[in-house]
Structures are given as C-alpha cells and as structure tokens.
Number of protein chains: 2
Amino acid sequence: MPKLVDHEKRKKQIAEATWRVILERGMEGATVRNIAKEAGLSLGALRHYFSAQDELLVYAMELVKEQAEARIKRVAAENLPPKEMMLKILLEIVPTTKETMAEMEVWFAFTAHARHKKDVFDASHDGIFTAIARLIHYLDEMKLFKKELDKDVETEKLYAIIDGLALHAMLEPSRVDRNRIIHILTSHIHSICKEEQENSGVGHL
Amino acid sequence: MPKLVDHEKRKKQIAEATWRVILERGMEGATVRNIAKEAGLSLGALRHYFSAQDELLVYAMELVKEQAEARIKRVAAENLPPKEMMLKILLEIVPTTKETMAEMEVWFAFTAHARHKKDVFDASHDGIFTAIARLIHYLDEMKLFKKELDKDVETEKLYAIIDGLALHAMLEPSRVDRNRIIHILTSHIHSICKEEQENSGVGHL
DNA sequence: AATTTTATAATACAGTTGTATTACAAAAAG
DNA sequence: CTTTTTGTAATACAACTGTATTATAAAATT
C-alpha cells in the first residue's frame, strides 16, 4: 500500500499505539522503536508522520484530552436531571471502566513526564476545573445548591475529590472500585444539594 | 578522606542528591551519572554504596516516605485540640512549603515510574489512608464528628480531598496556594464536625 | 613495617536511545 | 512510457545508558 494514506488516520493509529506502549511499559518504554513496532511500522515510516519524538508525544497527549472532552460533552448534551447529569459526567472523569482507566494511566504518565519538559509540553490545564465550576454553577441556577455553602470552596473541594478519587482508583483499583466511587460521589452530590421531596420514581440519587 | 565513612549518612546524602536530580530533571534525568555528579562522587564511588540503580531508587523513595511519616508523627504528638491537630497534620501532607512541595514532586515522579516496575517497587500504600481513617475515628471518639455522617464515606472523601489538593497544589501552585489550601481544609473539617459553642479564644477554626 | 581492608576513580563494554541518511518500490502525473 | 511524488525500510551515527573491571591510595590491622 504505497501512496494513498490518510495522514490524520495514520497519526491517530500511531497515537493509539503510543498509548498502548505507555500502558504496558510506562513512559520509559515509550521509545520511537517500541512505538513503531507496536504500530507495525518501521522507524522510517513512523518518522514520516512525526519528525520528532516530542511531536508524537504531544499529539498523543492532546488526543487523550480531546477524547475525554468529547465523551463529557456527549453526556452533557443528554439533557438529564441536574444531579443525575452531574454524577454521570463525574463518572466520565474518574476511571471506572477499562477505557477510562487506561486514559488515567496514560494521563498520569504523561503529566509526570511533561513536568520536566515545560518547553515542549503544556499539561496542567486539562479543563476539568472549569467543567466542575460550571456544574456547580448549574446546580445553583437550578436552585438545588445549598444556599449556606460557598460556591468557590465547593468547586475546589469537588475538583479535589474528583482527581483524588481518580488517583486512588488508579493506584488501588480493588479498594476504590466502581461501586465505591458511585457511592462516594452520590453521597457528595447529595450533601451539597438541598433536600427535596421525592417526586419521580426514576433514580435513587 | 579514605576509610572512615558513615555508610548510612552517605547513603542519605546520595538519596538527597537523587531527589534534587529528580526535582530538576525528572525521572528521565535520574541516571547514575547525573546522581553521582550531583552527589559529588564518581561512578565507582556511588556504586560502592548502591550496587544497582533500582536499589538506589528504592532507598531514595523509602526515605521520602519515612521523612513525611516522621513529620506527621511529630505533629500528632503535639497534643493539640482535635480540630487544630487535624488541620496541622493535613497541612503536612498537602504541599504548602518548598520542602513538602519538593516531596510531592518526587513522590509523583517516583509513583509514575514505579507503576511499570512492580517487581522492584512497592508504591501505592503510603499509609495516608490509614492515617486519615484514624483522624476521623479520633474525631468521632472526641464526640466532634457529626452523627448523621458515614465515617467510611467521609474517610474516603477526605482522603480524596487531600491527595486531590496535593496534586493541584503541585500542578497549579499559584492558584492553589497555602492560604487557599488552609481555607478549603478548615472549611471541610468544620463541615464534618458538630457545631460547637465557642469556649476558648484561641483559634478561629 | 607489611598486609589487608575500604573508598575512590578511571576506563571499558555492550546495549539502547533519538535522529539522519540512503535506498527502493509503488502509485500518480506528465 | 517516463518522471515525479510518496510511503516504507534498512542502515548508520553519535550520544547516553547501567554495569563491570581494573587501578590506586589512604587508613586500619596485624
């Protein structure tokens, strides 16, 4: 297959191969040779799409971010009741499935790596803080947010809970499993919302 | 200076040099040569104290852990009022000073690295969960813990808040600064404790 | 004083790294 | 059919990696 290649598609395939390598062997194993092998390409072929390693890593990292953002936007567009929507969005961030687990692992490895390559990478701003601030704001607009609480403090707290839980789900997946995460998050959402009369028999949120 | 060397002291010095290298250049820069240079030793000299690189890394990692544990135990022994003690201990975990900031950075790099070297490293269990569980339990024993709350849930939540805040303090130090951390933690401790009559003019916790 | 032990240093070695160069074949363009 | 472009592959190279070996000198031991 020599001349007609969809460059964007190929680059995504290579990025996905990069994720797989990082998942299995960490950032240390994310060498151009290992990635090329995982993608089923030669060194020269790989270099035809990414002329430098950092370029590839930046691309692979941004793709993780875009992927997660897309998933979250999809859920946000579902038009669920506020509290259910909130839980569902948060469950797209905290890893509870193989897919999001892998995402977290790759994000973690990338972030640690990128810390000392500031000239090349951006990192730090993954947009989750903004997303959570918006969720809290939305809750407040819907008159569900407890009026005695501070929005700013609760945003920072929820942000910390989300990333803390995500970290712990990654490091201790057997203790911090999906059910436990749902339980904690449900409980927390409940704790920042006004108590309401049950008027629909749908959820047990 | 040829024959009398305190081995333990030298090993600690090398471990500290390792931390400095990791701080400045990340895990990628933590080569035996860089560490030897930072410690002011030759390759051969370094190898006289650590016969393999992994041995050195394990030692340096455990020393970080021990150092943090010692700091926390020191605070725990201070015999402060429960809520003040809690805050002070939590502030030894969440990085708010140069020292604890560096500790967090090194822990982060180590943990990401160790994930894919399970045969050599342990990681994961840093004892913070247990410490927090004990703090919550102590609060309950002192009749300060709100009876309508679930101890297990609040332990997991506080644990997530601590590590989440720690992560954010490292990644966004200007936004998540010391004052903000104190504010968030104070507010949280307050939220899980019964409301009390002020009977001492000491603190504003 | 002679010998052993200990600390350090210099050098060597095989393997891996990112990147560059070169060669070659398949398809498109003329 | 020839020429150019594009994708792939093989190979080369200098730098760096962890570890091993060897040499040397200073102190302790005898």
Side-chain angles (χ1 to χ4, degrees), chain A residues 1-18 20-22 24-61 109-110 112-114 116-121, chain B residues 1-18 20-22 24-61 109-110 112-114 116-121:
Chain A
M1 67 290 274
K3 204 179 168 186
L4 255 160
V5 171
D6 183 335
H7 266 231
E8 276 316 305
K9 207 157 209 165
R10 188 54 124 227
K11 284 175 95 173
K12 278 190 186 177
Q13 284 170 359
I14 295 173
E16 281 162 19
T18 305
R20 265 175 271 134
V21 172
I22 292 174
E24 280 169 28
R25 315 180 52 171
M27 220 57 203
E28 207 185 334
T31 66
V32 284
R33 281 172 181 81
N34 286 344
I35 293 169
K37 199 175 190 178
E38 176 69 36
L41 296 172
S42 70
L43 264 183
L46 199 162
R47 229 166 153 287
H48 203 254
Y49 299 95
F50 297 98
S51 58
Q53 190 188 29
D54 282 340
E55 197 183 319
L56 162 57
L57 291 179
V58 167
Y59 183 89
M61 194 167 179
F110 263 137
H113 179 76
H116 304 274
K117 286 218 163 189
K118 287 175 189 168
D119 43 321
V120 181
F121 296 98
Chain B
M1 64 296 271
K3 205 181 168 187
L4 254 161
V5 171
D6 183 336
H7 266 231
E8 277 315 303
K9 205 155 210 165
R10 187 59 121 224
K11 285 175 94 174
K12 278 192 185 175
Q13 285 171 359
I14 296 174
E16 281 162 20
T18 306
R20 266 175 271 134
V21 173
I22 292 174
E24 281 169 29
R25 316 180 52 171
M27 220 58 202
E28 206 185 334
T31 66
V32 283
R33 281 172 181 81
N34 286 344
I35 294 169
K37 200 177 191 178
E38 175 71 35
L41 295 172
S42 70
L43 265 184
L46 199 161
R47 226 161 155 292
H48 202 254
Y49 299 94
F50 297 98
S51 58
Q53 190 189 29
D54 282 340
E55 197 183 317
L56 162 57
L57 292 179
V58 167
Y59 183 89
M61 193 166 179
F110 262 138
H113 179 77
H116 305 274
K117 286 217 162 192
K118 287 175 191 169
D119 43 322
V120 181
F121 296 98

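A note on names: the letters A, B, ... follow the listed sequences, proteins ahead of strands, and every chain is numbered from 1.
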Engineer: In whole angstroms, how far is the C1' atom of C:dA7 from the CD atom of B:Q13?
Structural biologist: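 In whole Å, C:dA7 C1' lies 14 Å from B:Q13 CD.
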Engineer: Kindly indicate whether the side chain of B:Q13, heavy atoms from C-beta on, has any atom under 4.5 Å from the side chain of B:R10.
Structural biologist: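 They are in side-chain contact.
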Engineer: In whole Å, what is the span from the CD1 atom of B:I35 to the C1' atom of D:dC16?
Structural biologist: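 So the two atoms are 15 Å apart, to the nearest Å.
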Engineer: How many whole angstroms separate atom CG of B:D6 from atom C1' of C:dA7?
Structural biologist: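 Roughly 14 Å, once rounded to whole Å.
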Engineer: Rounded to the Å, how far apart are A:K9 NZ and D:dG7 P?
Structural biologist: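 Rounding to the nearest Å, NZ of A:K9 and P of D:dG7 are 15 Å apart.
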Engineer: Which is true for A:Y49 with a 4.0 Å heavy-atom rule: it touches a base, it touches only sugar-phosphate, or it touches nothing?
Structural biologist: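 Sugar-phosphate contact only.
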Engineer: Would you compute the distance between atom OG1 of B:T18 and atom CG of B:L56 and round it to the nearest 0.5 angstrom?
Structural biologist: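 Between atom OG1 of B:T18 and atom CG of B:L56 there are 4.0 Å.
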Engineer: Using whole Å, report how far CG of A:L46 lies from C1' of D:dA10.
Structural biologist: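 My rounded result for the distance is 15 Å.
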Engineer: Nearest whole angstrom, please: distance from the P of C:dT8 to the CZ of B:F50.
Structural biologist: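 Checked: the CZ to P distance equals 13 Å.
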Engineer: When rounded to the nearest 0.5 angstrom, what is the spacing between CD in B:E38 and OG1 in B:T31?
Structural biologist: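 Here the interatomic distance stands at 11.0 Å.
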Engineer: Encode nucleotides 15-21 of chain C as B, S and - characters from 5' to 3', where the letter depends on protein heavy atoms closer than 4.0 Å: B to the base, S only to sugar-phosphate, - to neither.
Structural biologist: --BBBS-
Engineer: Is the phosphate of D:dT8, meaning OP1 or OP2, less than 4.0 Å from a side-chain N or O of A:H48?
Structural biologist: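 Indeed not, no polar side-chain atom of A:H48 lies that close.
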Engineer: Can you tell me the distance, in whole Å, between the NZ atom of B:K37 and the P atom of C:dA10?
Structural biologist: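 About 13 Å, once rounded to whole Å.
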Engineer: Other residues, nucleotides and ligands only: do more than 12 of their heavy atoms fall within 6.0 Å of CZ on A:R20?
Structural biologist: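 More than 12 heavy atoms, drawn from other residues, nucleotides or ligands, come within 6.0 Å of this atom.
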Engineer: With a 4.0 Å cutoff (strictly under), does any side-chain N or O of A:H7 reach OP1 or OP2 of D:dG7?
Structural biologist: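 For D:dG7, OP1/OP2 do have a side-chain N/O of A:H7 under 4.0 Å.
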Engineer: For B:K11, I'd like to know if atom NZ has over 12 heavy atoms of other residues, nucleotides or ligands within 6.0 Å.
Structural biologist: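 Yes, enclosed.
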Engineer: According to the interplanar angle, ranging from 0 to 90°, do the rings of A:F121 and A:H113 count as parallel (below 30°), tilted (30 to 60°) or perpendicular (above 60°)?
Structural biologist: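 Geometry flag for A:H113 against A:F121: perpendicular rings.
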